[in-house]
Every structure is written in C-alpha cells, then in structure tokens.
Protein chains: 2
Amino acid sequence: MDFKDVMDILKAKGYKVTEQRRAIIQSIFKENRYVSAKEILYEVQHRFPGLSFDTIYRNLSILSELELVEEIQFNGEAKYKMSCTEKHHHHLVCTNCGKIIVLPECPMKLLKDFVGDFQVTGHRFEIYGLCKDCQE
Amino acid sequence: MDFKDVMDILKAKGYKVTEQRRAIIQSIFKENRYVSAKEILYEVQHRFPGLSFDTIYRNLSILSELELVEEIQFNGEAKYKMSCTEKHHHHLVCTNCGKIIVLPECPMKLLKDFVGDFQVTGHRFEIYGLCKDCQE
DNA sequence: ATACATGCAAACAATTTGCATATTA
DNA sequence: TAATATGCAAATTGTTTGCATGTAT
C-alpha cells in the first residue's frame, strides 16, 4: 500500500483530492514513525501557510474511519502513522521520536485459552524504548 | 499491598493524610477495574460535596509519580487502578466498564532477541474485549 | 452545479496552575 | 507554626464544530 493506493481509496469513497489533503497524507507517509497533529502541521505549513488544525484533524478522522492510519496515545496526545497492510504484527516504538520497528511475533498465540467469557475485540502489544539516535 | 500500605508510603514521603485523599484512594481501591477522574469524582462527591477535579488530579499525579497507580488511555481519557504488586503481568481489559482480568503469561519472553539497538524501557500488552456483563 | 473541503472563530473536554484559605503533623 | 492540601477560578492543551466561502468533480 502506497500513497497512490490511499488516494484511490479516498476517491472511490467520494472524497476529493485537494492539495492540502495530498500534502497531509504525504507528510504522514514520509515518516516511518508515529507523528502528532502538531508535527504534521509544522511539516505541511511550509507549503500551505494558512493550513490549520481543523483540516488536519478532519483528514485524520477520515483516514482513521477507513483504517488507513494507525493511532497511538503518547501521554494524552494522539500520534499517527499510515497503516501497514502486511500481515498482522506489532511494533517496537521509540518514545522520543516515534520511530517504529516491526516485531516478528504476535504474542496472542500464547494466550488463546485464557480469555474466559470475555468477547475479545482486539489486543495491543507494544515495546517501548529509545532508538539508537535518541539514546544521547 | 492494601490501602494501609499506600497511606504509609505517602506518609513516609511527607504527604499528609486528609479526608479527601483517603476517600479518593479508597474509591480507586474499591473498584477492581480502571476508573476515570470523573468516576472518582462522582463516587467521592457523595461524602465530599465540595470536592473538585483539581484535588483528584493532584492526588492522581502524586500516586502516579510514586507508581502507586497504573494508568491507561481510553480514547483520550485516562483511567486508573491501584498498582498490583504481584509479579509482572498483563491484563485483559473490558473496554466498556474497565474491568480487568490478569493474564498468566508475559509475551516478552518470545521477543528477547528482536529489540536490536533499542534501549527498551517498557512494554505494554493488553487484550481488549467485553466482559460477560457488558456483552448485553 | 453540487458535494465535499477549507479556514476562521468559537466551543469543548480533559487536565493543569495560581492563589488565598484551611488543615495536618 | 510550618508545610502540605484544598477549593475556586481561570488558564492550557488537544480536539471538535458551525458556518461562510472555496474548490474538485
């Protein structure tokens, strides 16, 4: 899944291709890590000085609805990256810069038998740390 | 670790034992699940009609600092439960009422070899679902 | 032309802070 | 009495919404 695929999905759903939308999505794609609305704004404002948070949030909300982005909370602030479409997997996440590394195993296999009478709707597994560059 | 232990730790750190603090901490203890600041307020306001969010947040912040509570984010809202002191473990969490069940395995054992040059500071593993009572 | 997008300003909700007063040790 | 806590009000931060205008189809 690349930039063009995402835009095609949006088009197919009736959403329009605007300069701002392209810039926002490209900006998220460019980083292989989780970015906040604020980081996206700073990035995109170079080209679109008038661009504001509403537009970013509205676009993030559409992308989220269509599951085209993955969302994570870092102390009360949401950060986003484009969804991976490879098979189900988990991440090692740098808590400083948001950088991610894909983990090779899903731990759910260990736990199939322990959910009791819960109706499982999802799970989250993330390892946090500092990447090489952020270890100062 | 019970209520008295927590109060003793606070006392030892120079924090004072007030009626409100006791009520807040007791209210979190009483529920074996994650509760929000709002839920704590509603609970405790019966006995302390004047009690306000600032006091709850200030207390949660102290408890968090001392790692006496565990925190989780449910769509932008923080929820808390008293820390478990048993050995390291993970939870099955009901996304509707915050109820938790302790899981018997930590998946980190599967993944020791894959962290590369990350300096690991922590990990999170949670299974989400609906508990029996919330499946309507 | 019509529907969807944007930008502005204003609204919101969760959380935090300054300050005067009250309470604990 | 000295240090910490509380309550109030107001500020802050992240996010959302109403509305008029602009732009893509």
Side-chain angles (χ1 to χ4, degrees), chain A residues 4 6-28 34-66 68-69 71-80 98, chain B residues 4 6-28 34-66 68-69 71-80 98:
Chain A
K4 184 170 178 315
V6 168
M7 297 316 289
D8 286 347
I9 291 171
L10 289 175
K11 248 183 283 188
K13 294 278 178 186
Y15 296 107
K16 298 181 175 170
V17 177
T18 65
E19 291 292 315
Q20 292 91 330
R21 175 162 292 156
R22 288 173 58 86
I24 289 167
I25 294 172
Q26 257 165 350
S27 153
I28 306 174
Y34 284 95
V35 291
S36 63
K38 207 184 300 182
E39 289 174 298
I40 297 170
L41 183 73
Y42 290 160
E43 239 282 327
V44 179
Q45 261 187 345
H46 293 151
R47 263 175 297 161
F48 296 90
L51 192 121
S52 55
F53 277 114
D54 349 304
T55 300
I56 290 174
Y57 282 116
R58 272 190 275 238
N59 275 286
L60 285 173
S61 152
I62 290 168
L63 293 168
S64 209
E65 191 102 340
L66 300 177
L68 295 170
V69 289
E71 189 178 338
I72 204 180
Q73 296 277 338
F74 275 107
N75 25 266
E77 197 188 35
K79 298 199 174 192
Y80 304 83
Chain B
K4 185 170 177 315
V6 168
M7 297 316 289
D8 286 347
I9 291 170
L10 289 175
K11 249 183 280 189
K13 295 277 178 185
Y15 296 106
K16 299 182 174 170
V17 177
T18 65
E19 292 290 318
Q20 292 90 329
R21 175 162 293 158
R22 288 174 58 85
I24 289 167
I25 294 172
Q26 257 164 348
S27 153
I28 307 174
Y34 284 95
V35 291
S36 63
K38 207 184 302 181
E39 288 174 300
I40 297 169
L41 183 73
Y42 291 160
E43 238 282 328
V44 179
Q45 261 187 345
H46 293 152
R47 262 174 298 161
F48 297 89
L51 193 122
S52 54
F53 276 115
D54 350 303
T55 300
I56 290 175
Y57 281 117
R58 273 190 275 238
N59 276 285
L60 285 173
S61 152
I62 290 168
L63 293 168
S64 208
E65 192 102 339
L66 300 177
L68 295 171
V69 288
E71 189 178 339
I72 204 180
Q73 296 277 339
F74 276 106
N75 25 268
E77 196 188 34
K79 298 199 172 193
Y80 305 83

So, for B:I28 and B:Y80, which heavy atoms are closest and what is the spacing to 0.1 Å?
-> CG2-O, 4.1 Å
What one should report as the nearest heavy-atom pair of A:P49 and A:R47 is CD-O, 3.4 Å
Within residues 35-42 of chain B: residues closer than 4.0 Å to DNA chain C (heavy atoms) = B:K38
Distance, rounded to the nearest Å, where A:M7 contributes CE and D:dA24 contributes C1' = 12 Å
Between CZ of B:F74 and C1' of D:dG14 the distance, given in whole Å, is 20 Å
In residues 13-25 of chain B, which residues come under 4.0 Å of DNA chain C by heavy atom?
-> B:K16, B:V17
Could you list by number each residue of residues 52-59 of chain B showing a heavy-atom separation from DNA chain D of less than 4.0 Å, or answer none if no residue does?
-> B:S52, B:D54, B:T55, B:R58, B:N59
Kindly indicate whether the side chain of A:L10, heavy atoms from C-beta on, has any atom under 4.5 Å from the side chain of A:L66.
-> yes
Validation: residues 57-65 of chain A side-chain donor-acceptor distances under 3.5 Å, sequence neighbours left out:
residue, atom, partner, partner atom, Å
A:N59, OD1, A:R21, NE, 2.5
A:N59, OD1, A:R21, NH2, 3.2
A:N59, ND2, A:T55, O, 2.9

Between side-chain atoms of residues 37-46 of chain B and protein atoms elsewhere (two or more places apart, or another chain), which donor-acceptor pairs fall under 3.5 Å?
residue, atom, partner, partner atom, Å
B:E39, OE1, B:S36, N, 2.8
B:E39, OE1, B:S36, OG, 3.4
B:E39, OE2, B:R33, NH1, 3.4
B:E39, OE2, B:R33, NH2, 3.4
B:E43, OE1, B:K30, NZ, 3.4
B:E43, OE2, B:K30, NZ, 2.8
B:Q45, NE2, B:L51, O, 3.2

How close or far is atom P of D:dA5 from atom CZ of B:F48, stated in whole angstroms?
-> 15 Å
Dump the intermediate steps for side-chain contact (heavy atoms from CB on, under 4.5 Å) on A:I24 and A:I56, then the final yes or no.
-> CA-CA 7 Å; A:I24 289 167; A:I56 290 174; 3.9 Å; yes
Using the test salt bridge (Lys or Arg N to Asp or Glu O under 4.0 Å), find all partners of B:K13 that sit at least two apart in sequence or belong to another chain.
-> none
Out of curiosity, B:I25 CD1 to B:Q20 CD, how far, rounded to the nearest 0.5 Å?
-> 11.5 Å
Heavy atoms only: give me the nearest B:E71-B:A78 pair and the separation to one decimal.
-> OE2-CB, 3.7 Å
Starting from the 5' end of DNA chain C, give me the residue, B:K11 or B:Y80, whose nearest nucleotide shows up first.
-> B:Y80
Nearest-nucleotide check on DNA chain D, B:P49 vs A:A78; residue mapping nearer the 5' end is B:P49
Under the side-chain hydrogen bond (donor to acceptor under 3.5 Å, both in side chains) test, which residues partner A:T18, sequence neighbours left out?
-> none
dist B:Q73:CD -> A:E77:CD (nearest 0.5 Å) comes out at 11.5 Å
Using a heavy-atom cut-off of 4.0 Å to chain B, what are the terminal contacting nucleotides of DNA chain C, in 5' to 3' order?
-> C:dA14 to C:dA25
Between D:dT16 atom P and A:I62 atom CD1, what is the distance in whole Å?
-> 12 Å
